[in-house]
Amino acid sequence: MGQLFCCVQVEQSTVAMRERFGRFDKVLEPGLHCMPWIFGSKIGGYLSLRVQKLDVRCETKTKDNVFVTVVASVQYRALLEKSVDAFYKLSNTKEQIQAYVFDVIRAYVPKMNLDAVFEQKNDVAKAVEVELEKAMTNYGFEIVQTLIIDIVPAETVKKAMNEINAAARMRVATQDKAEAEKILQIKRAEAEAESKYLSGLGIARQRQAIVDGLRESVLAFSDNVPGTTAKDVMDMVLVTQYFDTMKEIGASSKSSSVFIPHGPGAVRDVAGQIRDGLLQGHVSETL
């Protein structure tokens, strides 16, 4: 309808290429323009000035011989001041950008190991952006930004990487468990040693209390019964202790059978053995 009235409308963020008898005449910016078709004028085409996005999937090999698929996202737009070059110099802009992306990635990634590709993907994106900027500026396009949005190794490589990661985590868990068991055994040994120390300390105090009690008993008995010696008192105390022990053995329901010599002579032998042991201990202490 606009051509009938020799008028044409250009949308916002778009420019139109006016041609006269097949030759470029003028760039028409957004708005309403006169198009005298009777003088050979016509619209050769439209060019969008909006930012466009192109995702490029490129398969390549790393330095350690691992095949990966690198996905690059290129954001670009045509420049208004170079719109003529952008419209007439390239027949297929997307294929041209894709070719440059392939060239840079396949020249850059094979110099890196797989781990380095993941760690330095921003460097790869920067290299692609620099090369694209130099090439596409001549054709009237600006590279707004280039991103590496995905790096996909082969399925077998991903499985192997997961197994390596799982094995490493299992090794760390095993080491932590062994370290915990080691600490537990050390603490258990320290507790047992402390328990034995305290038990020995209690037994030593118990025996000291028995010795002190016997000493007081001997002194009190000697003072109250004239003519008795310390030996007589000790023999009587030992006999008393002997019969108390026999009573406890017989009264206990869980005690095993114990066969010991029993009689006046046996009591005398026990008293002599205990007395000799005490005397030997006293002599060794004085030495």
Side-chain angles (χ1 to χ4, degrees), residues 10-17 24 27-30 43-169:
V10 180
E11 301 293 336
Q12 183 66 33
S13 299
T14 305
V15 293
M17 302 298 156
F24 171 74
V27 176
L28 302 181
E29 297 187 9
I43 297 297
Y46 295 89
L47 179 66
S48 176
L49 300 180
R50 296 177 180 176
V51 176
Q52 303 180 60
K53 187 185 79 166
L54 174 64
D55 291 339
V56 181
R57 299 178 65 88
C58 177
E59 185 178 13
T60 184
K61 186 179 72 170
T62 62
K63 187 177 181 180
D64 48 355
N65 297 321
V66 177
F67 283 91
V68 295
T69 299
V70 180
V71 182
S73 179
V74 181
Q75 299 176 5
Y76 65 99
R77 66 182 176 184
L79 297 173
L80 176 61
E81 60 273 16
K82 294 184 177 181
S83 57
V84 177
D85 293 336
F87 185 81
Y88 287 102
K89 282 189 176 182
L90 287 179
S91 60
N92 193 320
T93 306
K94 292 185 177 181
E95 287 186 0
Q96 187 72 18
I97 293 176
Q98 183 174 342
Y100 280 111
V101 172
F102 280 177
D103 182 67
V104 175
I105 290 179
R106 288 174 176 170
Y108 200 88
V109 172
K111 300 177 183 178
M112 308 165 64
N113 292 326
L114 179 61
D115 292 339
V117 174
F118 282 96
E119 294 172 357
Q120 303 176 22
K121 68 175 185 176
N122 291 335
D123 295 340
V124 178
K126 188 64 177 178
V128 173
E129 183 176 342
V130 170
E131 292 298 324
L132 280 177
E133 188 70 30
K134 290 192 299 184
M136 298 305 294
T137 301
N138 297 327
Y139 297 108
F141 286 92
E142 176 191 9
I143 304 301
V144 178
Q145 191 172 19
T146 302
L147 302 173
I148 301 298
I149 59 176
D150 200 5
I151 300 173
V152 185
E155 194 64 32
T156 54
V157 177
K158 289 196 294 184
K159 183 178 180 181
M161 292 174 65
N162 291 334
E163 291 178 354
I164 292 173
N165 188 26
R169 293 180 181 274

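Partners of Tyr46 by side chain to side chain donor-acceptor pair (under 3.5 Å), not counting sequence neighbours: none found. By the side-chain contact (heavy atoms from CB on, under 4.5 Å) test, Val15 pairs with Met17, Val27, Leu47, Leu49, Leu80, Ser83, sequence neighbours left out. Annotation: side-chain contact (heavy atoms from CB on, under 4.5 Å) contacts of Ala72 (sequence neighbours excluded): Val101, Ile105, Ile148. In this structure Ala99 satisfies the side-chain contact (heavy atoms from CB on, under 4.5 Å) test with no other residue, sequence neighbours excluded. Residues satisfying the ring-ring contact (aromatic ring centres under 6.0 Å, His included) test with Phe67, not counting sequence neighbours, are none. The salt bridge (Lys or Arg N to Asp or Glu O under 4.0 Å) search around Arg57 returns none, not counting sequence neighbours. The salt bridge (Lys or Arg N to Asp or Glu O under 4.0 Å) test applied to Glu129 returns no partner, not counting sequence neighbours.
Between atom OH of residue Tyr76 and atom OG1 of residue Thr93 there is a gap of 6.0 Å, rounded to the nearest 0.5 Å. Remark: Leu132 CG to Thr137 OG1 distance equals 9.5 Å, nearest 0.5 Å. Lys53 NZ to Leu147 CG: the interatomic distance, rounded to the nearest 0.5 Å, is 9.5 Å. Expressed to the nearest 0.5 Å, how far CD of Gln98 lies from CG of Asn92 amounts to 9.0 Å. Note: Ile97 CD1 to Ile143 CD1 = 5.0 Å, rounded to the nearest 0.5 Å.
Sorted pairs that involve residues 61-76 and meet salt bridge (charged side-chain N to carboxylate O under 4.0 Å, His left out), not counting sequence neighbours, are lacking altogether. Residue pairs meeting the salt bridge (charged side-chain N to carboxylate O under 4.0 Å, His left out) criterion with at least one partner in residues 73-90, sequence neighbours excluded, are Arg77-Glu142, Asp85-Lys89. Among residue pairs with one or both ends in residues 101-126, none qualify as ring-ring contact (aromatic ring centres under 6.0 Å, His included); sequence neighbours excluded. For residues 116-128, no residue pair satisfies the salt bridge (charged side-chain N to carboxylate O under 4.0 Å, His left out) rule, not counting sequence neighbours. Identified under the salt bridge (charged side-chain N to carboxylate O under 4.0 Å, His left out) test for residues 90-112, with sequence neighbours left out: none.
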TODO: Quick one: do Asn113 and Thr62 satisfy side-chain contact (heavy atoms from CB on, under 4.5 Å)? Show the steps, please.
DONE: CA-CA 6 Å; Asn113 292 326; Thr62 62; 5.9 Å; no

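When all heavy atoms of Ile43 and Leu28 are compared, the pair lying nearest together is CD1-CD1, 3.7 Å. The minimum heavy-atom distance linking Gly140 with Ala86 is given by the pair O-CB, 3.8 Å. Pro110 approaches Ala107 most closely through the heavy-atom pair CD-C, 4.0 Å.
For the residue pair Ser73 and Asp55, a side-chain donor N or O sits within less than 3.5 Å of a side-chain acceptor on the partner.
Taking 4.5 Å as the limit, some side-chain heavy atom of Phe141 sits within range of a side-chain heavy atom of Leu90.
No donor-acceptor pair under 3.5 Å is formed between the side chain of Gln75 and the backbone N or O of Gln145.
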